[in-house]
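See below for the structure under consideration.
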Amino acid sequence: MALKTVMLAGCVLSCALLAATQAPGPGPNGLALTPPMGWMSWERFRCQIDCKDYPTQCINEDLYKEMADHIAKDGYLDAGYNQVSIDDCWENKNPMRDPVTKALSPDPERFPSGLKALGDYMHNQGVRFGIYSDEGTLTCGGYPGSKGYEDIDAKTFASWGVDYLKLDGCNNDKQGYVTGYPAMGSALQNSGRNITYSCSWPAYLGGNETAKPFDDMIKAGCNLWRNWDDISNNWNSITSIMDHWGDFGPALKKAAGPGHWNDMDMLLVGDDHYNSTLSPDKARAQMSIWSIMASPLIMGNDLRTVTQEYRDILLNKEVIAVDQDPAGISGLRISPKNDSGEVWARPMHDGSVAVALLIKGAGTSSDTCTWNVTPGKYHDGGPPGNIACVNDGTIQEIREACCGNPDCVEFSTMNDQANAGGQGCLKNKQALTGPVTVDSNYDGWYKAYAPPSGGSNGTVSFNLKDVGLTGTCTVRDLWAQQDMGSATGTYSASVPASGVRLFRLTPSKDNLFSSEFKELWH
């Protein structure tokens with residue numbers, strides 16, 4: 001049976017909140033007492049099912065075996081990344097379910113050994129097995145969903161040795177989530193196996209985090225949840241997520257804690273999707289803010305191609321320790337939102353405070369570029385030429401995204417969306433070598449000139465009292481893994497453009513857990 005005990009005192013507040021809610025559900029399952037860590041296929045491999053033309057990039061059992069191999073042998077497992085998760089598009093469509101048992105099954109050509117064998121392969125290396133479904137009639141990719149089949153699917157997943165379920169929310173509605181997510185939570189806890197439960201419920205409720213029923217999600221047995229937009233492999237996407245978490249910090253801090261976490265989406269460190277890779281400074285910035293906010297650290301890259309420079313970022317144990325701090329208190333953006341310098345902080349269980357000094361850089365949200373427009377035609381380099389595609393962006397929003405992304409040289413967009421939503425794709429240099437598509441509904445926008453982007457290095461300062469500290473504190477640079485002396489009153493540091501400095505400040509024994517600390521963080 002799934003665990004029922006909640007093992008940390010940090011759950012006391014959560015449990016008190018649960019008593020007031022009337023939502024159905026089994027309650028907390030005692031799992032995920034620190035944010036989950038691992039690897040997931042969606043951002044890098046999407047729904048590629050053409051194994052003939054893309055044998056090393058398609059969703060099949062070989063891909064997940066290889067990723068489990070790299071988790072085990074490349075140091076990730078020792079650092080805490082202990083899971084490999086299948087995302088959408090793994091299921092058999094013909095038939096959608098077994099005609100007698102109604103059970104799901106994997107695509108027989110892409111998973112010929114079956115998922116029990118795949119789970120056993122992972123477990124033999126000490127790696128946990130994650131899987132995907134949807135609390136709807138179909139998944140987002142059009143495969144069979146779990147709505148109405150929660151008990152059957154939970155037992156099926158348990159029989160395969162699944163350790164983690166991501167349950168998406170396509171092809172359902174807000175009322176369906178209220179009953180569906182608790183139904184799966186109950187089914188998982190009755191499945192006979194401990195299965196960590198990732199719910200996408202709040203991601204389908206809009207952008208206002210203060211209005212989301214997080215207490216009901218905890219009661220539904222959710223251990224983590226995707227709150228907001230999907231991440232894409234570009235800096236603009238990452239900074240938009242940072243801004244969202246900063247804007248709604250107090251509400252998100254209240255919702256997070258041991259056993260229930262806000263998921264900022266996948267880490268893009270070393271991700272080479274669309275032939276574009278974040279700079280090391282940007283990669284460190286993403287991992288720092290994700291750790292400050294107690295987000296799960298779930299990699300969305302190709303572990304076969306991650307270079308040593310990016311592997312060192314992912315394996316920095318002092319940064320991981322911030323994310324995995326056992327107190328489970330989520331951080332806050334302490335300063336106002338500002339591309340030229342922000343202060344983020346999070347309290348640690350020992351009375352120290354992790355502080356991230358962030359410069360997002362110029363050009364992330366403004367259009368200062370010069371454009372050449374080709375009405376009715378654009379370059380089409382196929383998926384390798386696309387950096388990211390949007391389904392509901394205005395022309396101005398897409399212009400800003402392309403202008404702020406140094407890898408974007410052109411974008412295609414519907415030509416009727418000046419004030420309404422529409423479709424468009426940001427394109428890299430490879431797209432320019434592809435054919436020109438002629439379509440009167442779309443225009444091509446070529447970046448004729450872009451001013452120097454990314455801003456410049458700057459100095460960011462903060463008052464120790466603003467992060468809950470008093471007296472003199474020792475300072476540790478977590479990325480450099482170097483002691484930096486002491487600080488009293490204020491602290492300043494040089495920060496790279498579109499980058500971060502991450503410190504851990506520890507007060508003297510007499511100033512641990514001061515009244516200022518308790519007032520800010522409790």
Side-chain angles (χ1 to χ4, degrees), residues 1-3 25-26 29 31-32 36 38 40-42 47 49 59-61 63-65 68 83-124 127-172 176-177 179-201 220-224:
M1 296 296 290
L3 296 174
N29 58 17
L31 306 176
M40 185 175 287
S41 57
W42 179 254
C47 193
I49 60 173
I59 302 302
N60 67 2
E61 62 181 47
L63 175 69
Y64 297 101
K65 286 181 177 180
Q83 182 171 293
V84 168
S85 290
I86 301 173
D87 209 279
D88 204 350
C89 309
W90 60 269
E91 294 166 301
N92 187 14
K93 280 187 172 181
N94 187 24
M96 298 283 268
R97 288 181 176 271
D98 185 282
V100 177
T101 67
K102 305 302 180 185
L104 296 169
S105 62
D107 182 281
E109 294 185 4
R110 292 184 283 119
F111 296 88
S113 303
L115 293 189
K116 174 65 165 62
L118 180 58
D120 289 344
Y121 184 91
M122 293 184 189
H123 293 151
N124 287 338
V127 178
R128 288 160 46 89
F129 177 26
I131 205 164
Y132 168 100
S133 190
D134 189 291
E135 187 48 50
T137 53
L138 296 171
T139 71
C140 299
Y143 290 78
S146 290
K147 182 180 180 181
Y149 296 94
E150 291 85 0
D151 287 334
I152 293 173
D153 290 353
K155 288 183 173 62
T156 300
F157 298 150
S159 73
W160 292 339
V162 165
D163 303 294
Y164 176 103
L165 170 66
K166 172 185 171 182
L167 194 66
D168 216 333
C170 286
N171 301 299
N172 205 329
Y177 303 145
T179 56
Y181 279 101
M184 180 59 84
S186 294
L188 291 173
Q189 292 192 30
N190 290 323
S191 70
R193 185 173 181 84
N194 286 342
I195 299 177
T196 301
Y197 186 22
S198 171
C199 304
S200 295
W201 185 354
C222 301
N223 296 114
L224 62 156

Classify the side-chain pair D168/Y132 by whether it contains a donor and acceptor separated by less than 3.5 Å.
-> yes
Could D153 and R97 be called an ion pair, given the rule that one side-chain N must be under 4.0 Å from one carboxylate O?
-> yes
For F157 and S133 the tightest heavy-atom approach is CZ-CB, 4.1 Å
Looking at T139 and D134, what are the two nearest heavy atoms and their distance?
-> CA-CB, 3.6 Å
With distance as the sole test, does N92 use its side chain to make a donor-acceptor pair with the main-chain N or O of S105 at under 3.5 Å?
-> no
Side chain of E150, backbone of G148: donor and acceptor closer than 3.5 Å?
-> yes
Of all heavy-atom pairs between L31 and N223, which one has the smallest distance, and what is that distance?
-> O-ND2, 3.3 Å
Decide yes or no for L167 and C199: does some side-chain heavy atom of the first lie under 4.5 Å from some side-chain heavy atom of the second?
-> no
Calculate, to the nearest 0.5 Å, the distance between atoms NZ and OG belonging to K65 and S113 respectively.
-> 4.5 Å
Which word best sums up how the rings of Y64 and F111 line up, parallel for under 30°, tilted for 30 to 60°, or perpendicular for over 60°?
-> parallel
Can you name the closest pair of heavy atoms from Q189 and P26 and give their distance?
-> NE2-CG, 3.3 Å
Nearest 0.5 Å, what's the SG-CE distance between C222 and M184?
-> 11.0 Å
If you measure from SG on C170 to CG on D88, what distance do you get to the nearest 0.5 Å?
-> 8.0 Å
Looking only at non-hydrogen atoms, find the nearest pair between P106 and G114 and report the distance.
-> CG-CA, 4.4 Å
After noting the C-alpha distance and the side-chain angles of D107 and I49, does the key distance pass the side-chain contact (heavy atoms from CB on, under 4.5 Å) rule?
-> CA-CA 10 Å; D107 182 281; I49 60 173; over 6 Å; no
With under 30° as parallel and over 60° as perpendicular, where do the rings of W160 and W90 fit, or are they tilted in between?
-> perpendicular
Is it true that a side-chain atom of N60 and a backbone atom of L63 form a donor plus acceptor pair closer than 3.5 Å?
-> yes
Spatial distance of atom CH2 (W42) from atom OG (S85) [nearest 0.5 Å] | 14.5 Å
Mark yes or no for whether R193, through its side chain, and S159, through its backbone, hold a donor-acceptor pair below 3.5 Å.
-> no
Check the pair K155, D151 against salt bridge (Lys or Arg N to Asp or Glu O under 4.0 Å), reporting the backbone distance first and the verdict last.
-> CA-CA 6 Å; K155 288 183 173 62; D151 287 334; 5.0 Å; no
Can you tell me how far OG1 of T156 sits from NZ of K116, rounded to the nearest 0.5 angstrom?
-> 13.5 Å
OG1 on T196 to CG on D163, rounded to 0.5 Å = 7.5 Å
Please name the pair of heavy atoms, one in E109 and one in P112, separated by the smallest distance, quoted to 0.1 Å.
-> O-CD, 3.6 Å
Student check: side-chain heavy atoms of I86 and F129 closer than 4.5 Å = yes
Does NZ or CZ of R128 fall inside the cone over Y164's six-membered ring, less than 6.0 Å from its centre and within 45° of the axis?
-> no
